[in-house]
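Take a look at the structure set out below.
Atoms considered below: every heavy atom in the structure, side chains included; atoms not considered: hydrogens, waters and symmetry mates.
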Amino acid sequence: MSENKPVLEVRDLCTEFNLRNRNVYAVNGVSFQVSAGEIVGIVGESGCGKSVTCMSVMRLLASPPGNIKGGCAMFRDVDTLKEEADSQTMRNLRGGKIAMIFQEPMTSLNPVLTVGEQISESIRLHLKMNKQEAKKRVIELFKQVRIPDAEQRYDAYPHQFSGGMCQRIMIAMALACDPELIIADEATTALDVTIQAQILGLLYEIAKERKVAIIIITHNLGIIARYADRIYVLYAGRVCEAGTAGQIFKNPGHAYTVGLLGAVPRLDDDRERALVPIEGTPPSLESVPEKCPFYPRCRQRVAACEEPGLPQLYEIEPGHLTACKNNSLNRDVNEGKSLERVRSKAEVLMSVEDVSMRFPICRGILRRKVGEVKAVEHVSLELRKGMTLGLVGESGCGKTTLAKTLLRLYKPTGGRIVFQGKDITNYTSSQMRSLRQDIQFIFQDPFGSLDPRQAIGDIVGESLRIHHLVKTEKEYEERVHELMDIVSIPWAFARRYPHELSGGQRQRVGIARALACSPKIILCDEPVSALDVSVQAQVLNLLERLQRELGLSYIFIAHDLSVIRHISDEIAVMYLGHIVEQGSCIEVYNHPAHPYTRSLLSAIPIPDPETERARKRLLLHGDIPSVTEQISGCCFHTRCPMARPECAENTPKPVWVNEERTHQVSCLLARP
């Protein structure tokens, strides 16, 4: 723990929301501190009070309904929670001395102002610079956060940037006035792992070189392990554990922390380990719990946990605090083994042969073709019965387009798609209608893919009526009931609507809907990317169980290689519409042959501080190029840290890199 005077010290913070006929106690007695040059991580599931805590400190809560009931937040010598910190004082602090990086950059940036104007406005206000000085400062910041063509991008609008670039603009805005404290609220949750690594690496440099205090709010334990000096674990609006990163990960002192660690798939873990989710959901905060709030979900509760009264933090070792009453926790997260995955001789269910998908770019009144988007280029894959093919790559590489092409939502512009020995490439809409009983889709955003006006039971059973799979109303209800049981959704939820369910429950509804037609293949498009680690573990375990029981085959799309490694039998790595490497899961992870695959693996953080900080990095710079660009030679050579002159001239062909012919790569540097 830093010996410096804390930049921010929060004590006994209590925040509630007054909602019509009830009060929600979102934060209940939270205390923490952060010193100059220190990175503090605040972790926990959605709804535990992480964001509300920091919004309270900055006085950004709308009142009503938000109401700070008590506590203090000392930023240097100013208590930001007191009335003495008037509106003018807080305006001077916000953006000047305290900066916040929000989770959604596109909703935080003004769409009608250029990014340069938005940042220079803050500089002129807080640093009293003139317009030219402010512009020069903004361009310097753009260069610092590695935005290419900084001078030209000053006059660009937010919609002209990618998600990763918008997040860098938010970081530049946060740094603009040399703040003493930066709060990053889930700043990298929706970003690709390579962009995430760049942004977090930049924040780490800022903290250590400029002695800026940083608070990182996240549910990603790997990020915390890599970058945080100290950690506060929040549950139900309270700190349940606090300590250094080494203490928390090596010797977790609370059952909730142990549960979070057990729910996370890891790159360095036994691939056959079954994830151990935390069952149930966080408690309603409409009343202050009378005993440990984690008690109903705890696997390791003891008699002392039933005693009335909230457990208080106590020290289990110097600097390491916990509020758990179980003094003999089982800290082993390896509680179970999943079934062995030995299915290499299974029959081929779907074969993709040299498939391409291009979209024309048309302009003018006559809509003349002026170019084309090469979304998928010459892709060849095989999916075997009862297996999972993992499809991994950054956003914009063509993963979702390929999946929709396989489902024939798009007609491919080249190649063949063979399903169960039949070429379905040129099937008509009516032919595909019946075939889609065998090929279903699970979408990334369950809320956006569910009809908000339909009840859950109707959503699950809709395809039963469309495809005439049931004859009577009784048979329909029995099948819907069976499907909801399979995915562990209570039958009482059948008359609820999507907005009344949690994110994990909505994803289960999407899975139940996909299972209704008894399909052979399910295309899973980022089904767990936006979920908490515990809910993610529940969904992954559910998909694995259904595969074992029903013999399903999955194409699982993700950009998180730790998730892909856990669930997949074979892996295909995509970049700019091309498959650059594919093979068995073991071969690709143990012996990655393409620089892009190595960089993706390097960017995935491991929730173990010692292991994480000893790893070598192969980080990429810049964003994935536009699919409208004409790139000669290898599609990856513009970002490859190992590129040679011949890489820009010659297009690599797939080559086998092992004698068993289970691993191939498209790279001029690879040798059989």
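Side-chain N or O atoms of R384 include none that pairs as donor or acceptor with a backbone N or O of L349 at under 3.5 Å. Here the side chain of N326 pairs a donor or acceptor atom with the backbone of Q300 at under 3.5 angstrom. With hydrogens and angles ignored, the 3.5 Å screen pairs no side-chain donor or acceptor of R416 with any backbone N or O of E353. Within the 3.5 Å criterion, the main-chain N or O of I486 finds a donor-acceptor partner in the side chain of R545. Judged by distance alone, with hydrogens and angles left aside, the side-chain atoms of S356 form no donor-acceptor pair with the main-chain N or O of T413 at under 3.5 Å.
P527 has its side chain within reach of F556: a pair of non-hydrogen atoms, C-beta onward, lies under 4.5 Å apart. Side chains of L406 and M350 form a contact here, defined as non-hydrogen atoms less than 4.5 Å apart. Residues I511 and V539 have side chains in contact (heavy-atom distance under 4.5 Å, counting atoms from C-beta outward). Proximity of K325 to E307: side-chain heavy atoms (C-beta onward) are separated by under 4.5 Å at one or more points. Between L383 and Y554 the shortest side-chain heavy-atom distance does not fall below 4.5 Å. Between C397 and L576 the shortest side-chain heavy-atom distance does not fall below 4.5 Å. You'll find the side chain of V258 reaches within 4.5 Å of the side chain of P252, heavy atoms only. Using a 4.5 Å cut-off on side-chain heavy atoms (C-beta onward), I521 and F419 make contact.
The ring pair (Phe, Tyr, Trp, His ring centres under 6.0 Å) analysis of residues 378-413, with sequence neighbours excluded, yields the pairs F359-Y410. Listed by first and then second residue, the side-chain hydrogen bond (donor to acceptor under 3.5 Å, both in side chains) pairs that reach into residues 425-436 are D423-T425, T428-S430, T428-Q431, sequence neighbours excluded. Judged as a salt bridge (Lys or Arg N to Asp or Glu O under 4.0 Å), the pairs with a partner in residues 43-52 (not counting sequence neighbours) are, in order, E45-R297.
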Salt bridge (charged side-chain N to carboxylate O under 4.0 Å, His left out) evaluation trace for E377 with R358: CA-CA 8 Å; E377 284 288 285; R358 299 182 178 184; 2.8 Å; yes
Criterion side-chain contact (heavy atoms from CB on, under 4.5 Å) on F17 and L285, from CA distance to verdict: CA-CA 10 Å; F17 291 90; L285 297 177; over 6 Å; no
The test is side-chain contact (heavy atoms from CB on, under 4.5 Å); show your working for N541 and E544 and say whether it passes. CA-CA 5 Å; N541 285 350; E544 288 189 301; 3.9 Å; yes
After noting the C-alpha distance and the side-chain angles of E475 and R479, does the key distance pass the salt bridge (charged side-chain N to carboxylate O under 4.0 Å, His left out) rule? CA-CA 6 Å; E475 190 177 347; R479 178 59 176 157; over 6 Å; no
Apply side-chain contact (heavy atoms from CB on, under 4.5 Å) to the pair I489 and Q505, showing each step before the final yes or no. CA-CA 7 Å; I489 298 177; Q505 290 168 339; 5.8 Å; no
Checking side-chain contact (heavy atoms from CB on, under 4.5 Å) for the pair S553/M387: CA distance, chi angles, key distance, verdict? CA-CA 5 Å; S553 299; M387 295 181 64; 5.5 Å; no
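Residues passing the salt bridge (charged side-chain N to carboxylate O under 4.0 Å, His left out) test with K520, sequence neighbours excluded: D438. Remark: Y25 pairs with no residue by the ring pair (Phe, Tyr, Trp, His ring centres under 6.0 Å) rule, at least two apart or across chains. In terms of the side chain to side chain contact (heavy atoms under 4.5 Å, CB included) criterion, residue partners of H481 (sequence neighbours excluded) are, by chain and number, D485, W491. With sequence neighbours excluded, the residues that form a side chain to side chain contact (heavy atoms under 4.5 Å, CB included) with P289 are P293, L310. Listed by chain and residue number, Q196, T218, I223, P605 satisfy the side chain to side chain contact (heavy atoms under 4.5 Å, CB included) test with N220 (two or more places apart in sequence, or in another chain). The ring pair (Phe, Tyr, Trp, His ring centres under 6.0 Å) check on Y256 picks up Y235, F294, with sequence neighbours excluded. Applying the salt bridge (charged side-chain N to carboxylate O under 4.0 Å, His left out) test to K369 and every residue at least two apart in sequence or in another chain returns E372. A search for side chain to side chain contact (heavy atoms under 4.5 Å, CB included) contacts involving T662 returns S584, E587, N658, E660, not counting sequence neighbours.
Taking OG1 of T400 as the start and CE of M574 as the end, the distance is 9.5 Å to the nearest 0.5 Å. Atom-to-atom distance recorded for T401:OG1 and L409:CG is 11.0 Å, nearest 0.5 angstrom. Taking CD from Q437 and CD1 from I466, the interatomic distance works out to 10.5 Å, rounded to the nearest 0.5 Å. Here C585 contributes atom SG and I571 contributes atom CD1; the two are 4.0 Å apart, rounded to the nearest 0.5 Å. A distance of 10.0 Å separates CD1 in I417 from OG in S351, rounded to the nearest 0.5 Å. Between H254 atom NE2 and L260 atom CG the span is 10.5 Å, to the nearest 0.5 Å.
Of the N and O atoms on the side chains of S380 and D354, not one donor lies less than 3.5 Å from an acceptor on the other residue. Using modelled atom types, one finds a donor on one side chain and an acceptor on the other under 3.5 Å when comparing Q547 with T388. Judged purely by distance below 3.5 Å, without hydrogens or angles, the side chains of Q440 and R513 never pair a donor atom with an acceptor atom.
Residues V480 and G461 share a closest heavy-atom pair of CG2-CA, 3.8 Å. Listed here is the closest heavy atom pair of V487 and A512: CG2-CB, 3.8 Å. For P265 against V563, the heavy-atom pair with the smallest separation is CG-CG2, 4.0 Å. Listed here is the closest heavy atom pair of S46 and P282: O-CG, 4.2 Å. Between P158 and L109, the shortest heavy-atom distance links the atoms CG-CB, 3.9 Å. Residues N67 and N18 approach most closely at CB-OD1, 3.9 Å, considering heavy atoms.
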Scan the side chains in residues 446-460 for donor-acceptor partners under 3.5 Å anywhere in the protein, sequence neighbours excluded, and list what turns up.
{"residue": "S449", "atom": "OG", "partner": "D445", "partner atom": "O", "Å": "3.3"}
{"residue": "S449", "atom": "OG", "partner": "P446", "partner atom": "O", "Å": "3.1"}
{"residue": "D451", "atom": "OD1", "partner": "R453", "partner atom": "N", "Å": "3.0"}

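Open room surrounds NZ on K404; 12 or fewer heavy atoms of other groups in view lie less than 6.0 Å from it. By the neighbour-count criterion of 12 heavy atoms within 6.0 Å, atom CD of E290 is sparsely surrounded, having that number or fewer from other residues, nucleotides or ligands.
In this structure, K291 satisfies the cation-pi test against Y295, with its NZ or CZ atom closer than 6.0 Å to the six-membered ring centre and inside 45 degrees of the ring normal.
The pair E394-K399 fails the salt-bridge criterion, with no side-chain N (NZ, NE, NH1 or NH2) lying under 4.0 Å from an Asp/Glu carboxylate O.
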